Amino acid sequence: MSKKVTIFGMHSVRAILEQHPERLVEVFATRERQDKPLQDLVSQAQRLGLRVQFVPKATLDKKADNGNHQGIAITALEAPQLTENDLDALCAKAGKAALFLVLDGVTDPHNLGACLRTADAAGVTAVIAPKDKSASLNPTVRKVASGAAETVPFVQVTNLARTLRQLQENQVWVIGTAGEANDSVYQVDYTGPVAIVMGAEGDGMRRLTRETCDQLIKIPLLGSVSSLNVSVATGVCLYEVVRQRHV
């Protein structure tokens, strides 16, 4: 039986209502908020045949573990967990347009959520992360992702270096980000199938991950800071891919 998860926040709940209504189990809305955006979500849930339970704000606070639930939360069946066994099919379906975002050691839920949101906007095929020493899809990640956690395939793998080699076998060019790289993010051709690998803040990519990459790139830093937040750096890299492919 699928595990049940709590999802809160208007964008995240809307994503489930619109794209995966079959996963919905329960809907909770606060009595204290009666504005139109919330009422629209309540009406949408009711049109799907769901009974909306109106509860005190304190009840929603508890369900959302004091996160910013914006007056609504749902209980839903968790989406099937994707693994490295699903990568060949994802590569085949995306073809030459394949674009993977690989996160090596990103442990902060807010960063993972922000990366998922950017990945959705950039049309990423899937986000890949190791099972160990990495943030998972908890309620905070889902809230920060603003619905993207429900739309972007999230693949958790047991061995990241082996997964990168699997991508390479599927003709995906694996590009890692490193401050000491010779090539700038703006000097690389991203028009073919690519995977962008982002390392953890501070430590960057692990040694074996770095050695498995086909190419390393850097983001030019013209000020005094030595690095960017990983979610910001992800946006810079992904949107250079978007620029080359769609502009």
Side-chain angles (χ1 to χ4, degrees), residues 1-82 101 103 106-122 124 126-129 131-156 200-201 229-232 234-235:
M1 180 178 290
S2 298
K3 178 182 176 182
K4 294 180 182 179
V5 294
T6 298
I7 298 171
F8 57 87
M10 299 188 70
H11 292 297
S12 300
V13 170
R14 184 178 294 109
I16 288 289
L17 286 170
E18 292 179 350
Q19 301 191 40
H20 301 287
E22 74 284 354
R23 289 171 48 199
L24 279 162
V25 178
E26 297 175 295
V27 181
F28 303 91
T30 180
R31 294 193 183 107
E32 286 86 348
R33 180 172 173 175
Q34 299 296 325
D35 56 276
K36 188 176 186 302
L38 180 61
Q39 289 306 308
D40 287 346
L41 283 182
V42 168
S43 297
Q44 188 174 355
Q46 290 171 334
R47 286 195 297 271
L48 290 169
L50 295 162
R51 183 174 70 87
V52 179
Q53 302 178 53
F54 291 94
V55 297
K57 179 178 179 296
T59 301
L60 278 187
D61 290 342
K62 184 176 181 180
K63 286 186 175 296
D65 196 20
N66 292 314
N68 183 16
H69 50 69
Q70 299 175 305
I72 193 163
I74 60 174
T75 303
L77 298 177
E78 191 172 42
Q81 178 60 62
L82 300 179
L101 173 63
L103 303 176
V106 174
T107 58
D108 182 84
H110 291 86
N111 280 335
L112 175 57
C115 287
L116 283 166
R117 185 173 183 175
T118 301
D120 176 86
V124 163
V127 174
I128 300 171
K131 290 180 180 177
D132 297 329
K133 297 180 181 179
S134 177
S136 58
L137 290 183
N138 63 27
T140 299
V141 171
R142 296 179 187 277
K143 174 63 174 63
V144 174
S146 296
E150 319 312 326
T151 59
V152 179
F154 184 64
V155 183
Q156 287 192 293
E201 289 185 59
N229 174 278
V230 65
S231 63
V232 174
T234 294

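This chain uses plain numbering: 1 for the first residue, then up along the sequence. Just so you know, these numbers come straight off a predicted model, no measurement behind them.
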Give me the atom names and distance for the closest heavy-atom approach of [X] to [Y].
X	Y	answer
Leu112	Val106	N-CG1, 4.2 Å
Gly235	Thr118	CA-CG2, 3.7 Å
Val144	Gly113	CG1-C, 3.8 Å
Thr151	Pro153	O-CD, 3.5 Å
Thr107	Ala135	O-CB, 3.5 Å
Leu116	Phe154	CD2-CD1, 4.3 Å

Residue pair [X] / [Y], side-chain heavy-atom distance below 4.5 Å:
X	Y	result
Leu77	Lys4	yes
Leu41	Val27	no
Lys63	Val55	no
Val127	Cys115	no
Phe28	Leu60	yes
Asp65	Pro139	no

So how far is it from [X] [atom1] to [Y] [atom2], rounded to the nearest 0.5 Å?
X	Y	atom1	atom2	value
Arg23	Leu17	CZ	CG	11.5 Å
Glu150	Asp120	CD	CG	10.5 Å
Ile7	Ile72	CD1	CD1	11.5 Å
Asn111	Thr234	CG	OG1	8.5 Å
Lys143	His110	NZ	NE2	9.0 Å
Asn68	Thr140	CG	OG1	11.0 Å

Problem - Atom CZ of Arg117: over 12 foreign heavy atoms under 6.0 Å - result: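 Counting other residues, nucleotides and ligands, CZ of Arg117 stays at 12 neighbours or fewer.
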
Practice task
Please say whether more than 12 non-hydrogen atoms of neighbouring residues, nucleotides or ligands are located less than 6.0 Å from CG in Asp132.
Solution key: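 Incorrect, the count does not exceed 12.
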
Handout entry: Arg47: partners by side chain to side chain contact (heavy atoms under 4.5 Å, CB included), with sequence neighbours left out
Key = Ser43, Gln44

Indicate yes or no for a side-chain donor-acceptor contact from [X] to the backbone of [Y] under 3.5 Å, with no hydrogens or angles considered.
X	Y	answer
Gln70	Met10	yes
His69	Gly71	yes
Ser12	Arg142	yes

